[in-house]
Amino acid sequence: MTRLNDKYMDIDAAIARIEDGASIMVGGFGSPGTPFALLDALLEQGQSQLTLIKNDANETDIGIGKLIRAGRVDRLITSHIGLNRVAIEEMNAGRLTVEIHPQGLLAEKIRCAGAGHFGFLTDIGLGTEIGEGRREIDCDGKTWAVEPAIHADFALVHADLADRYGNLVYRGTAINFNPLMAMAAERVIAQAFAVKAPGGLVPEQIHTPCAFVSQIVQVDPATSEQGRRAHAV
Amino acid sequence: MTRLNDKYMDIDAAIARIEDGASIMVGGFGSPGTPFALLDALLEQGQSQLTLIKNDANETDIGIGKLIRAGRVDRLITSHIGLNRVAIEEMNAGRLTVEIHPQGLLAEKIRCAGAGHFGFLTDIGLGTEIGEGRREIDCDGKTWAVEPAIHADFALVHADLADRYGNLVYRGTAINFNPLMAMAAERVIAQAFAVKAPGGLVPEQIHTPCAFVSQIVQVDPATSEQGRRAHAV
Amino acid sequence: MPSDQQRILARAAGEITAGQIVNLGIGLPTRLFHYLPPDLEVLVHSENGVLGCQLIDDGAEADLEMIDSGGAYIGTRPGASVFDSALSFAMIRRRRVDITFMGAFEVDRQGNLANWKIPGKFSPGIGGAMELAQKVERLVVLCSHNDKHGNPKILEHCRLPLTAPRCVSLIITEKAAMRVTHSGLEVVDIAEGLSVDELRAATEAELIIDESRLERF
Amino acid sequence: MPSDQQRILARAAGEITAGQIVNLGIGLPTRLFHYLPPDLEVLVHSENGVLGCQLIDDGAEADLEMIDSGGAYIGTRPGASVFDSALSFAMIRRRRVDITFMGAFEVDRQGNLANWKIPGKFSPGIGGAMELAQKVERLVVLCSHNDKHGNPKILEHCRLPLTAPRCVSLIITEKAAMRVTHSGLEVVDIAEGLSVDELRAATEAELIIDESRLERF
């Protein structure tokens, strides 16, 4: 692992570690929790043939929507892309491979990689089209589907607060997939609105302990983008 | 589930729901996080033939040590009982069935019940005596052991702070197995040093959301017991 | 005279009781927020990781990190918590959500539900609907009785890919409220001014109707 | 003249470098705390759910909710976090702990480790040792070279039930520091005043010794 005292760095240096063809988990459910600044740096640097793992495809012109529009994503593992017309078009045109998982299974498959297991046994989706094609085994007189963990080379996560060792604190519904991905990927690049000295966070309030985080960068809250579909009920 | 507004109650009323022969998860690693007041009420009320699931057996005369000494426990699922001489004697005399799991697998088997899965697939313990007797399956060219979830009728957990809906906040190394057990058991009885009105806790700092908690009781910090083996290094 | 949507929502709101944990699906169910009395002690779960959602006041500035699963900005009420997606779905799979409301493309006599895919036309992904439908204690479907071409949505057997099999407890449309029972769909309420024959004509599924016990809504 | 334990601990402390995450097993390894310079940026993991353990000052009042996995009261250093047992072992299985120190009943030429059970005599349970041994990046065993009856603990093949197979990187006793290599146990350091023959006599496992490169400790 990266040494504790070598993690805090410039955003471009952090993103430069990502190579063409990498698999990358990206935090966020809609806009909250999406690491917009890290994604913009990735767009800028030009890495391509990426596999992205994200709950949704953001919207057409923000977050991973920009990478999809720019043709930089070969494959997307997700639960729902309904708010991104371009992603749906790219999928229908065969330029983007989209692998759909029910959201709770997607979360759990990522969590499973973070826990260091091969997979888990579930009854979710048995008897449905989306649950077909999985290996099934019988245990205790019932049938269970094997759901293998999802791994990735990198995770890009968004936190509200961090310290220089890489401890992370999330806020509100920006938590979502971020702590799961921060445990699951080989290397984890985190952005935070504020990066404090070690000791600046309360031990009980840390969601992701620094042991899981490889690089930490500070970003301006103004780089956050607002999902256009977000609206009052 | 118990309605939100019916959870806050007297400790004896909460414990009276437990019947003879119940399986009960008990939080705590050593003394921190052990729900001493709930266990003392259980001792007082006399339920017997219990199956307990706890990381360790506490020490001979505190926590579940009292229940074991009083002959109220038939079976203990645990990772280590080295600090409880009476538990070892009862085990050797055949009066207490002890089922040992490696600590991380024990935690994960409980977490797995809390996540609503049947089990998970692991490489921990392959090729060791303690890992024998498990069902093994081959996936992706490797062998994995099936670890079924551990379920229980009840969990007794200790929190530092709570609110009347049953939201829980833990402190320090008293966290340990508590949030896992609070998700895993059918009914969850939580004790806390302070129980606030709803709104008295910060949403991001809640470790166990109230949806998992059935009953919440307030206990005096003075009821906490200090493990005799705790010492300076 | 209430609109069809208002009729459905007003009837649906009666299914929620104090002390419950409630999930409101995307679309029409989300509008149930407006039918919950502010002093009703109910925590609304949203699967993106919040328990205790609340409408934000008109004109109040939105917190950009607080949305519900439909993408609407929300606030929280006292007793709320936020958490990661694994915990959120653990709560669902452990049946800690008392009641969930969802829309439907099709629903049938056995309580099968299809609401995520129309092959060749619409397949944006299933999101969190599968776990919510399969594992909730009580699933209430809110939908129009017929599609925009007038075809029945309450069928003998769903034809679209299922979200989950045998998951629905109650169906509320602008025409009727129907309980899913072992014997089939039992009409409990029928809309003001609608005849039993008109209801049967608009429905593909066979309906169990005891006119002496029908309520109007 | 340092005691045997002091000799082992002083040698072991040299294996820890700045910026690492370190786990100190119960017993002798825990005493390594005293050999870490206070300004060395190292986070000590304890599997009961803390990263960043620190000794508490003499005379300071203990926080009853803060112990390490051996039951000792601890404090925390800046950058510390506390967490549940599932996360603690996820950290271990994901190899986020750089180096772990453990005691041993037996350790052998292939790096097999036995430290939890003596059939018929001692079987209090394995605790967290199995995952720590199987999944740590680098496992250093600290133990006496021989048991209290003088029998070798460094064996050709472990006879007791294993904690984990082929897991040990380095063995440090009061007599030698031995690296586990594909070819066997390679002695890197030998205790001051001890001859190679004396070391071999006290050891069951065959030892690889290049006298020209041996360091004294």
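To find a chain, count down the sequence lines: A is the first, B the second, and so on, and within it residues start at 1.
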**OP:** Determine, step by step, whether A:Asp153 and A:Arg187 satisfy the side chain to side chain contact (heavy atoms under 4.5 Å, CB included) criterion, reporting the C-alpha distance in whole Å, the side-chain angles of both residues, the deciding distance to 0.1 Å, and the verdict.
**Re:** CA-CA 6 Å; A:Asp153 300 324; A:Arg187 283 185 282 175; over 6 Å; no

Subject >> Derivation of the side chain to side chain donor-acceptor pair (under 3.5 Å) call for B:Glu99 and B:His101 >> reply: CA-CA 7 Å; B:Glu99 184 182 315; B:His101 296 278; 2.8 Å; yes

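Residue contact with chain A, scored on non-hydrogen atoms closer than 4.5 Å, is absent for B:Glu147. Contacts between A:Val202 and chain B at a heavy-atom distance below 4.5 Å are absent for every atom of the residue. For a residue to count as touching a neighbouring chain, one of its non-hydrogen atoms must lie under 4.5 Å from one of that chain's; by this rule B:Glu204 touches chain A with backbone and side chain alike.
Across B:Ala149, B:Pro203, B:Ala115, B:Cys139, the residue that shares the most heavy-atom pairs under 4.5 angstrom with chain A is B:Cys139.
The pair B:Arg111-A:Glu108 meets the salt-bridge criterion, since a charged nitrogen lies less than 4.0 angstrom from a carboxylate oxygen.
Between B:Leu121 atom CG and A:Cys112 atom SG the span is 7.5 Å, to the nearest 0.5 Å. Distance CG/B:Asn58 to CG/B:Leu39: 7.0 Å, rounded to 0.5 Å. The CG atom of A:Asp138 lies 4.0 Å from the OG1 atom of A:Thr143; values are rounded to the nearest 0.5 Å.
By a heavy-atom distance cut of under 4.5 Å, B:Tyr170, B:Arg171, B:Gly172 are the residues of residues 155-183 of chain B near chain A, going up by number.
When only modelled atom types and interatomic distance are considered, A:Thr97 and A:Asp74 share no side-chain donor-acceptor pair under 3.5 Å. Checked by atom type, the side-chain pair B:Asn55/B:Thr78 shows no donor-acceptor distance below 3.5 Å.
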